[in-house]
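Structure record follows, encoded as structure tokens.
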Protein chains: 2
Amino acid sequence: MRTDTTFKRAFNDMIDIIRTLDLGAELPSENALRTQLGVSRTTVRKVLAGMSARGIIISEAHKRIIREQPRQKERYPKKETLAISEQVETSFMEWMLRGDACPGTEINETELARKFGVATTIVREFLNRFQKYGLIEKRQNAGWVFKGFTASFALELFEIREMFEMRSARLFAALPDGSPVWKQIQSMRAAHLELLADIDARFQDFSELDSRFHRLITAVAPNRFIESFQDVITMVFHYHYQWNKRDERARNEVAIREHLALIEALESRNIALIDRACRLHLTSARETLLHSIA
Amino acid sequence: MRTDTTFKRAFNDMIDIIRTLDLGAELPSENALRTQLGVSRTTVRKVLAGMSARGIIISEAHKRIIREQPRQKERYPKKETLAISEQVETSFMEWMLRGDACPGTEINETELARKFGVATTIVREFLNRFQKYGLIEKRQNAGWVFKGFTASFALELFEIREMFEMRSARLFAALPDGSPVWKQIQSMRAAHLELLADIDARFQDFSELDSRFHRLITAVAPNRFIESFQDVITMVFHYHYQWNKRDERARNEVAIREHLALIEALESRNIALIDRACRLHLTSARETLLHSIA
DNA sequence: CATATGTTTCTTATGTATAAAAAACGGGGG
DNA sequence: CCCCCGTTTTTTATACATAAGAAACATATG
């Protein structure tokens, strides 16, 4: 009943590993592959068996030789490598952001399960996890209510975000010169400049960089609650902007410049400068989000 | 397979309703009872049927008469009125706080289900919801890890709590005289004074008052993320102090006095005073918690 | 026609089943 | 001993089943 997405993902990854090796070369041990693929040895063996069956490798006593290079078409399609629970996430986000749901809509576990073609258990589990994003609410014995991707959601989100991020940014002022963070900040700046140079072609890569940047800043002084809140922010930006592409390029370019200004402020160690740059960026991000909701 | 805890809770509540009425009196309509009991009419009818079967009421055409007063022993025991999911919460907390679990302990869904005598589905659902408290973490395809009720947990918790509560407390300074909040603050003060007067007998009532007080303060400017964080705090204090009763009376008395000081500060509308009173209380609460963890 | 009760249908809460994945066990060779 | 592989056991992810509860529909009664 469980899907074999772990196997398929590992299989695809194994193809990539084999491609880095020569024909006739010997594969690493099962344990080594286990670490490289990040799965259990059971799954490694299943992948190896699959490779053998396809004639890609030959299993001899205590070793496995590459017989022919796997072709790209042997890969499993992306969708089959996603656990059902992950697919449900995507389905739900589409349902939500496509506008099938307005504030106050009642969410019906059974109906969603039917619509998404999965078991109710999964939908239920998803909703329970999704609750932390503040967009749905449970009513005892009577399903869920969708509270809406509204302006007040955005405002509440940004109120917290501002508290958390200002707190972290300020801590930079007191950071010793020797801290490894400064190096990470440097390479973060480089990544921003690179993206900026090629902004016309790569503006869609910003979303991921944005998330990494803000996580780096909040990581100066780890706090599990702040980190968990970053998930909320990442989710909002990831999904919301998938459905609101208006001005995407321009929007991202502005944000990159604001990030660069913040980086400079952080490096100055001047609290006033840091505060200003941080608040400027957050205000602008908030306005952009509000604008795209309305 | 579902338990009938809703019915049993409603049944007990109905006993209380009947006790406020006279023998021979007519019961309210099913719909009226539905609202009073907070359940569906289906459940109301089941309760009425139960009452009839026990001879407590007589169902005539379109009305129900009280035939005899129900006795207390007819109530269902408290435990049977708790949904399985609620029982699991208690079981898990005991397991955790009794010390069966040290930081890094792996949590096994199957084993917990066996230990608690419930279905794995329930344990899984509970863990998913419990994740937000920051005490456990999920590993892909491999269960959960208990991160421990440690000092760093307490410190991270209080860092956020301080941000949130100072934010709310400060907002009081700008509140207009006419705001209904001031009345609530007044009655909150009264409740504190009452408890203080009878502290030797009632010190265990503090936990609930504490939660209400802090929720009232954060409610001046509602923010779903702050409210959700209050759940974390409530959980920590509710369960942790159930297992750490040392100095409970003294500890609660101190906290009450700090609350009273904060109330006074809030009413002064003086930001500096508010800040000081709030920080004082939070610092002392943090120290108490840290002390009891060590 | 409005409100109350009787009846039917749909949904949620909880238990059970099972394939996939992980972990544990065990023997053999360097 | 330590790593490697074959085998067995345990656990997780997912599906499905069903009684309890909610909601919708229907009928009756004032």
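Labels below follow one simple rule: chain letters A, B, ... track the order of the sequence lines, proteins then strands, and each chain is numbered from 1. When reading the values below, keep in mind they use all heavy atoms of this one structure, side chains included, and skip hydrogens, waters and symmetry mates.
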Side chains of [X] and [Y]: is there a donor and an acceptor less than 3.5 Å apart?
X        : Y        : result
B/Ser52  : B/Ser59  : yes
A/Thr81  : A/Thr5   : no
A/Asn141 : B/Arg2   : yes
A/Gln131 : A/Trp144 : no
A/Arg9   : A/Asn12  : no
B/Arg124 : A/Thr121 : no

Please give, in whole Å, the distance from [N] [atom2] to [X] [atom1]?
X        : N      : atom1 : atom2 : result
A/Leu82  : D/dT14 : CG    : P     : 11 Å
A/Gln87  : D/dT14 : CD    : P     : 9 Å
B/Ile122 : C/dG15 : CD1   : P     : 5 Å
B/Ile107 : D/dT12 : CD1   : C1'   : 14 Å
B/Leu27  : C/dT3  : CG    : P     : 20 Å
A/Ile84  : D/dC16 : CD1   : P     : 11 Å
A/Lys8   : C/dA20 : NZ    : P     : 10 Å
A/Arg129 : D/dA13 : CZ    : C1'   : 11 Å

What's the closest nucleotide to the side chain of [X] if the choices are [options]?
X        : options                : result
B/Val39  : C/dT12, C/dA20, D/dA22 : D/dA22
B/Val118 : D/dA15, D/dC25, C/dG15 : C/dG15
B/Arg45  : D/dG21, C/dT5, D/dC4   : C/dT5
B/Arg64  : D/dT12, C/dT16, C/dT5  : C/dT5

Original post:
More 5' along DNA chain D: B/Arg114 or B/Thr3, using each one's nearest nucleotide?
Top reply: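 Nearest-nucleotide comparison on DNA chain D picks B/Arg114.
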
Original post:
Starting at the 5' end of DNA chain D, which residue's closest nucleotide do you reach first, B/Arg139 or A/Ala142?
Top reply: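 Of the two residues, B/Arg139 wins.
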
Tell me whether the OP1 or OP2 atom of [N] has a side-chain N or O from [X] closer than 4.0 Å.
X        : N      : answer
A/Ser29  : D/dC4  : yes
B/Thr121 : C/dG15 : no
B/Ser40  : D/dA22 : yes
B/Thr43  : D/dA22 : yes
B/Thr110 : D/dT12 : yes
A/Ser85  : D/dT14 : yes
A/Asn108 : C/dT12 : yes
B/Asn141 : C/dA22 : yes
B/Thr42  : D/dA22 : no
B/Lys138 : D/dA13 : yes
A/Arg124 : C/dA13 : yes

Original post:
Does any non-hydrogen side-chain atom of A/Tyr239 lie less than 4.5 Å from one of A/Met96?
Top reply: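 No, too far: nothing below the 4.5 Å cut-off.
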
Original post:
On DNA chain C, nearest-nucleotide positions of B/Gly117 versus A/Gly143: which is more 5'?
Top reply: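 The 5'-side residue here is A/Gly143.
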
Original post:
How do B/Ala83 and B/Glu30 order along DNA chain C: which one's closest nucleotide is nearer the 5' end?
Top reply: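 Taking each residue's closest nucleotide, the earlier one in sequence belongs to B/Glu30.
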
Subject >> Donor/acceptor link under 3.5 angstrom from B/Arg2 side chain onto base of C/dA13 >> reply: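 No.
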
Original post:
Donor-acceptor pair under 3.5 Å: do we get one between B/Arg41's side chain and the base of C/dG6?
Top reply: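 Donor-acceptor pair under 3.5 Å: yes.
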
